[in-house]
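These figures come from a predicted structure and were not determined experimentally.
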Protein chains: 2
Amino acid sequence: MDNSEDTGTRVIRHTREDVTRAALSILDELGLPDLTMRRLAAVLNVQPSALYWHFANKQSLLAAVSDSILEQLRPATATDDWRADLHAEARALRDALLAYRDGAEVVSSTLALGLGGDQAEERLAAAISRGGFDERISAAAARAVLHFILGHVSREQQHLQASSLGAAREPAGPLDDEDSAGGFEFGITLLAGGLEAYRMPGVASLRT
Amino acid sequence: MDNSEDTGTRVIRHTREDVTRAALSILDELGLPDLTMRRLAAVLNVQPSALYWHFANKQSLLAAVSDSILEQLRPATATDDWRADLHAEARALRDALLAYRDGAEVVSSTLALGLGGDQAEERLAAAISRGGFDERISAAAARAVLHFILGHVSREQQHLQASSLGAAREPAGPLDDEDSAGGFEFGITLLAGGLEAYRMPGVASLRT
DNA sequence: ACCTGAACACCGTTCAAGT
DNA sequence: ACCTGAACACCGTTCAAGT
């Protein structure tokens, strides 16, 4: 647990990556509201002020956590079916977000602030552009897909936590996990189908 | 400004609606981070603890603010073109969110927590179902549209604030307002087009 | 290069008591 | 029905100084 390849056991000294890792584990175990600078410092056996040597403020720490979550994105596989690829990218992103408690919320708010990398958006755009769409279209569509995914998974994670807390209440309904995953695929299908329709506008009355 | 139709000028006494209104105006003038219970109390000339007679906690206050924002949704007009109606509903929602600073973020996080009304989702679903889609499909599609709108407008408002702060920086590019509004319409078009394609799957290879 | 100590300026929330 | 007063248990951030 401690990377103490030092002389004794004292003088802990953390790297930026240590801090990010510890933050990620607090996030996963206690959730975003309990991920405070003071608690993080306590876990690292350090004064809160020490964290500000590694990060300018809490928001940049959260951006690093967000990037860390997105780094676990399973590698892309480019087949000859761009729609299948887009679905695969979307699922990979959903899985990465679901891998940590409140993952979607952290990534969502980080990206909304214009912080964090754009690996996710770029991979979605890459899959789409393999469908023969130009860069502008691919980028705009990727953003639409990303907004949908972040919103959907945020709600999903919120429900997961709510139902894990209030054990009783509604019998969870016959539709919840199943329906949530179904809703996810459906949303991606709509956006992919919309792209397909976009390039052959003769089919239906597509102007509005 | 004061609804003091009392004997003198003392004993202010607020209603839940007064509190919500005051919160909304702090939100609009100072933004979500500065909308604190203590500041709200100060504006109302009241102790912070007084707010807890009107609301159980800050989150329910924010839910009331969110509802308040969505109440300003301009009324729906049902024509014979469901796609035009959906676009109109989407624009109405965007305008309502843009009407207050950080409006999208407040509504987004409130809805994510399962709080607040579902007027927005229902109106989107109503427009979609006029296209002849069953209730399940309409509901799922409405949620997808709503996620896109909240994500898009959140980012839009973030950029608005960022550029109003850092006056200089990038020359704003030839694409920003224009591109943002264009991206919005494009997203709605994709989802509407996806729905149209969904009911006539023979057109292209739609299975995945 | 990384951290301590001490402080500043705040938070949300509870609860007994007042009118 | 609506509010005060006082307290509890916290926050994020800064900054001089230490090693």
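- A side-chain N or O of His87(B) and one of Thr189(B) form a donor-acceptor pair less than 3.5 Å apart.
- Residues Asn57(A) and Ser60(A) bring a donor and an acceptor atom of their side chains to less than 3.5 Å of each other.
- To the nearest 0.5 angstrom, Phe55(A) atom CZ is 8.5 Å from Leu40(A) atom CG.
- On the C1' atoms, dC11(C) is 14 Å away from dA7(D), given to the nearest whole Å.
- At the phosphate of dC3(C), OP1 or OP2 sits under 4.0 Å from a side-chain N or O atom of His14(A).
- As rounded to whole Å, 7 Å separates atom P of dG12(D) from atom CE of Met37(A).
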Problem - Test log, rule ring pair (Phe, Tyr, Trp, His ring centres under 6.0 Å), inputs Tyr198(B) and Phe186(A) - result: CA-CA 10 Å; Tyr198(B) 179 79; Phe186(A) 181 67; 5.3 Å; yes

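- Among dG12(D), dA1(D), dT13(C), the nucleotide with an atom closest to any side-chain atom of Trp53(B) is dA1(D).
- dG12(C) atom C1' lies 13 Å from atom CG of Leu35(B), rounded to whole Å.
- Checking dA1(D) for Watson-Crick or G-U wobble geometry (two distances, each under 3.5 Å) identifies dT19(C) as its partner.
- In terms of position on DNA chain C, the residue among Asp34(B) and Val19(A) whose nearest nucleotide sits closer to the 5' end is Val19(A).
- Checking dA1(C), dT13(D), dT4(C) against the side-chain heavy atoms of Ala50(A) singles out dT4(C) as nearest.
- As rounded to whole Å, 11 Å separates atom P of dA1(D) from atom CZ of Arg13(B).
- Between dA16(D) and dC3(C), the two C1' atoms lie 13 Å apart (nearest whole Å).
- For the pair Gln47(B) and Ser49(A), both in contact range of DNA chain D, the more 5′-proximal nearest nucleotide belongs to Gln47(B).
- One can place CG of Leu51(B) at 9 Å from P of dC3(D), the figure rounded to the nearest angstrom.
- Protein atom OH of Tyr52(A) is 11 Å distant from nucleotide atom P of dC11(D), rounded to whole Å.
- Between Arg38(B) atom CZ and dT4(D) atom C1' the separation is 14 Å, expressed in whole Å.
- Between dA17(D) and dC2(C), the distance separating the two P atoms is 22 Å to the nearest Å.
- A distance of about 22 Å separates the P atoms of dC10(D) and dA9(C), rounded to the whole Å.
- At whole-Å resolution of the value, NZ in Lys58(B) and P in dT13(C) are 8 Å apart.
- Across every strand in view, dG12(D) sits in a pair with dC8(C) that passes the Watson-Crick or G-U test at under 3.5 angstrom.
- Side-chain to base pairing of Thr36(B) with dG12(C): no donor and acceptor N or O lie closer than 3.5 Å to each other.
- The distance from the CZ atom of Arg21(A) to the CZ atom of Arg16(A) is 13.0 Å, given to the nearest 0.5 Å.
- Distance check: Glu105(B) CD to Leu62(B) CG gives 10.0 Å after rounding to the nearest 0.5 Å.
- Note: CD1 (Ile26(B)) to C1' (dC11(C)) measures 15 Å, nearest angstrom.
- When distances are taken from the side chain of His54(B) to each of dT13(D), dC3(D), dC3(C), the shortest belongs to dC3(D).
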